[in-house]
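Quick caveat: nothing in here was measured; it's all calculated off a predicted structure. Only heavy atoms go into these numbers, but all of them, side chains included; no hydrogens, no water, no symmetry mates. We name chains A, B, ... by the order of the sequence lines, and we start the count at 1 in each one.
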Protein chains: 2
Amino acid sequence: MRITAQEEYGLRCLLQLAYLPQGKSVTVKEVAAKEGLSTAYVEKLLRLLGRAGLVHSVRGMRGGYVMNRAPAQITLGETIRALGTIQTTGHICSAFTGSKDICVHFNGCSIRSIWSGLTSYIQRYLDDTTLADLLEDEYVLSTRLAKRLT
Amino acid sequence: MRITAQEEYGLRCLLQLAYLPQGKSVTVKEVAAKEGLSTAYVEKLLRLLGRAGLVHSVRGMRGGYVMNRAPAQITLGETIRALGTIQTTGHICSAFTGSKDICVHFNGCSIRSIWSGLTSYIQRYLDDTTLADLLEDEYVLSTRLAKRLT
DNA sequence: CGATAATATGACTTTTTTGTCAAGTATTCT
DNA sequence: AGAATACTTGACAAAAAAGTCATATTATCG
């Protein structure tokens, strides 16, 4: 159960845009330098975010990437879904790699229920968090997050 | 954000043992046949569960694998941790692959807070579920799971 | 005691995911 | 227009994860 590299780095790059005053653009090169990633990789990540409609690019000199919405209007859930599916189920029951024709648990498979329940549960957490929350001071945020668990 | 193949298939194999009357063993071959997986793979998965102390094996003729505890005494969390870490943080901040010496977000990194909050959140869900829950009828379980989200 | 049924293990192959590259297109500045 | 700056794209290379194999060990049955 893990966050993928693409999700992690993609989020970081998006936050670099979120740090800026609204409407301001930043180049791939700058983001790459700040995050310590290669420009090629940052390009790929920002393009994924672009396809999902979270950012857009301006070509040519003075170009760069810009957020399409304010940080408070973009959830962590949207971001993660743009970078890699939140899949804890389905990909097994439907695209089963074993030798049987269909998933052996097809009838009355409780595993499916657990995974889909977990997926909803995670989505709720992610959708309750916006990029604006992530721009906050770490201490403030972590104390607020602790309350969710009670 | 996803469940790995090892976690999925490992859980399935463990459930095959959980279905049995307590103390009964089942061979790798049988589990493999029931799950539609190769025996080599099932061996690997059951060994992982064995190392974590969830099951043990009996060698030789009439041998096989047996649960160490009753299904109600084994949580989904333990199972997943035996098969692959529930890692949503740390592996980036400490083992950062970028070109900078340390994670650029080292000071006041809210990403870390979010991930560790999410990890605790997920763990709670998983630790509240036992294998006995997974042996239940799918319909009964799914309605019960829905309540957790309210 | 030998044959058979079973698990044990680590190295190896395949597949998927990550990350890079090279060649191309658009925009602005002079 | 030409040069410089930036994004675009799909194919490729590298790394990690998934899954297999060959060989060894252990236990039971006759």
Side-chain angles (χ1 to χ4, degrees), chain A residues 1-13 16-17 24-33 35-52 54-68 80 83-85 87 91-92 95-99, chain B residues 1-13 16-17 24-33 35-52 54-68 80 83-85 87 91-92 95-99:
Chain A
M1 174 102 247
R2 67 154 83 74
I3 288 280
T4 65
Q6 221 169 61
E7 287 161 352
E8 172 81 29
Y9 293 126
L11 172 61
R12 282 162 184 263
C13 292
Q16 287 294 340
L17 304 210
K24 276 274 180 187
S25 76
V26 64
T27 66
V28 166
K29 216 164 151 186
E30 289 173 291
V31 173
E35 289 295 337
L37 298 172
S38 75
T39 57
Y41 194 26
V42 171
E43 253 156 25
K44 188 180 192 172
L45 295 170
L46 287 177
R47 240 179 310 133
L48 283 172
L49 294 167
R51 280 183 205 160
L54 301 181
V55 302
H56 71 270
S57 60
V58 178
R59 290 170 79 138
M61 219 173 173
R62 307 219 156 250
Y65 275 90
V66 196
M67 300 269 288
N68 285 344
I80 299 299
L83 294 162
T85 49
Q87 243 174 3
H91 65 301
I92 298 288
F96 185 56
T97 61
S99 65
Chain B
M1 177 102 242
R2 68 154 80 73
I3 288 280
T4 65
Q6 219 169 63
E7 288 161 351
E8 172 79 27
Y9 293 126
L11 172 61
R12 282 162 184 263
C13 291
Q16 287 294 341
L17 304 210
K24 275 275 180 184
S25 76
V26 65
T27 66
V28 167
K29 216 163 148 187
E30 287 173 293
V31 173
E35 289 296 337
L37 299 171
S38 75
T39 58
Y41 194 28
V42 171
E43 252 155 28
K44 187 180 192 172
L45 295 169
L46 287 176
R47 240 180 309 137
L48 284 171
L49 294 167
R51 280 184 204 158
L54 300 182
V55 302
H56 71 269
S57 61
V58 178
R59 289 171 78 141
M61 218 173 173
R62 308 214 156 253
Y65 276 89
V66 195
M67 302 269 286
N68 285 343
I80 299 300
L83 294 163
T85 48
Q87 243 174 0
H91 66 302
I92 299 289
F96 186 55
T97 61
S99 66

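Between A/Y65 and A/V31 the shortest side-chain heavy-atom distance does not fall below 4.5 Å. Contact check for B/L48 versus B/Q6: side-chain heavy atoms found under the 4.5 Å cut-off. Taking 4.5 Å as the limit, some side-chain heavy atom of A/L83 sits within range of a side-chain heavy atom of A/L49.
For C/dA8, the OP1/OP2 oxygens have a side-chain nitrogen or oxygen of B/S57 closer than 4.0 Å.
Rounded to whole angstrom, the span from the CD1 atom of A/I3 across to the P atom of C/dT18 amounts to 11 Å. Distance CD (A/E30) to C1' (D/dC7): 14 Å, rounded to an integer number of Å. Between the CG atom of B/L48 and the P atom of D/dA17 there is a distance of 14 Å, given to the nearest Å. The interatomic distance linking A/L49 (CG) with D/dC7 (P) rounds to 14 Å, in whole Å. The nearest whole Å value for the distance from the OH atom in A/Y65 to the P atom in D/dC7 is 7 Å. We find that CZ of A/R2 is positioned 11 Å from P of D/dA16, with the value rounded to whole Å. Summarising the geometry, the separation between CG on B/L83 and P on D/dA18 is reported as 11 Å, rounded to the nearest angstrom. Distance A/Y9 OH to C/dT17 C1': 13 Å, rounded to the nearest Å.
Between the side chain of B/E7 and the backbone N or O of A/M1 there is at least one donor-acceptor pair closer than 3.5 Å.
Residues B/R51 and B/K29 both approach DNA chain C. Their nearest nucleotides, taken by heavy-atom distance, put B/K29 toward the 5′ side.
The existence of a salt bridge linking A/R12 and A/E8 is confirmed by a sub-4.0 Å separation between a basic side-chain nitrogen and an acidic carboxylate oxygen.
Partners of A/T27 by side chain to side chain donor-acceptor pair (under 3.5 Å), not counting sequence neighbours, listed by chain and number: A/E30.
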**Asked** Could you run down nucleotides 20-30 of chain C 5' to 3' and tag each one B, S or - for protein heavy-atom contact under 4.0 Å?
**Response** BB--BBBBBS-
